[in-house]
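Take a look at the structure set out below.
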Amino acid sequence: MTGILGDLPVQTALLAAAFGYLCGSIPFGLVLARAFGFGDIRKIGSGNIGATNALRTGNKLLAALTLTGDILKGTVPVLVGWRWGVEAAGIAGLFAFLGHLFPVWLGFKGGKGVATYIGVLLGLAPMGVAVFAVIWLAMALLFRYSSLAALTATLVVPIALWLWGDSFIAGLTALLTVLVYLKHHGNIRRLLAGTETKIGSKG
């Protein structure tokens, strides 16, 4: 296979995609919420399976474990993929991300992807995580909107990676950013309308 995937064999690319998707589609929020006795997390708060909604149960340990699981399911496939090069790592990361957003086990209705985005980034370009963290914290402190902080951070990361010369990883993270924005369409509408819930509020 040539082009964007370099010399990566088709079979390796397919295996990386399948492994990444299966890892990414593990619904940690749903599984852990049930294990903690909260039932179906999709019936709580926003109905999302991610860590932010897990925190709405009031159980910080549940939220922390969900966050950790959602990050690692992006990182692990990437690290495995690195054995065959950056292209395989990128494919594994992309499909892990897609698995989180569209898990086959939940009717292709998954999370919004921010934690798994961080996980993929951690495996591909750890310095990008530092950029993400700085931007997220700055925006969160200034405006107190978690969604706005995440949207801004995911927008800046590909630009930073491109400026550092990592064109392949920058392009991949740009694609992930587009998907993050698509999954946050409701948050974007609320931000524009001034009705988005702020960090620390109970709404």
Report task. Flag yes if Val156 and Leu121 sit in one hydrophobic cluster, no otherwise; membership is Ile, Leu, Val, Met, Phe, Trp, Tyr, and two members link when side-chain heavy atoms are under 4.5 Å apart. Result -> yes
Query - Residue pair Ser25 / Trp105, side-chain donor-acceptor N/O under 3.5 Å - result: yes
Query - side chain to side chain contact (heavy atoms under 4.5 Å, CB included) evaluation trace for Tyr21 with Val104 - result: CA-CA 9 Å; Tyr21 181 83; Val104 63; 3.5 Å; yes
Query raised in the report: Under the side chain to side chain contact (heavy atoms under 4.5 Å, CB included) criterion, do Asn53 and Ile49 qualify, and how do the steps go?
Result: CA-CA 7 Å; Asn53 198 43; Ile49 64 170; over 6 Å; no
Query raised in the report: Would you find more than 12 non-hydrogen atoms of other residues, nucleotides or ligands less than 6.0 Å from Trp82 atom CH2?
Result: yes
Query raised in the report: Sub-3.5 Å donor-acceptor pair from the side chain of Thr154 to the main-chain atoms of Leu151, do we have one?
Result: yes
Query - Separation of Lys43 NZ from Asp40 CG (nearest 0.5 Å) - result: 5.5 Å
Query raised in the report: Which is it for Leu101 and Leu182 under the side chain to side chain contact (heavy atoms under 4.5 Å, CB included) test, yes or no, and what are the steps along the way?
Result: CA-CA 11 Å; Leu101 267 54; Leu182 290 174; over 6 Å; no
Report task. Verify the distance criterion only: is there a donor paired with an acceptor across the side chains of Thr177 and Tyr117 at less than 3.5 Å? Result -> yes
Report task. For Arg56 and Gly45, indicate whether the former's side chain and the latter's backbone hold a donor-acceptor pair under 3.5 Å. Result -> no
Query raised in the report: Does Asp166 use its side chain to pair, donor to acceptor, with the backbone of Ile169 at less than 3.5 Å?
Result: no
**Report entry** Test side chain to side chain contact (heavy atoms under 4.5 Å, CB included) applied to Phe95 and Leu98, step by step
**Finding:** CA-CA 5 Å; Phe95 278 84; Leu98 291 172; 4.1 Å; yes
**Report entry** Cation-aromatic face contact Lys198/Tyr145, 6.0 Å, 45 degrees
**Finding:** yes
**Report entry** N/O donor-acceptor pair under 3.5 Å between Asn48 side chain and Gly111 backbone
**Finding:** no
**Report entry** With His100, the side chain to side chain donor-acceptor pair (under 3.5 Å) member among Lys112, Lys73, Lys183
**Finding:** Lys73
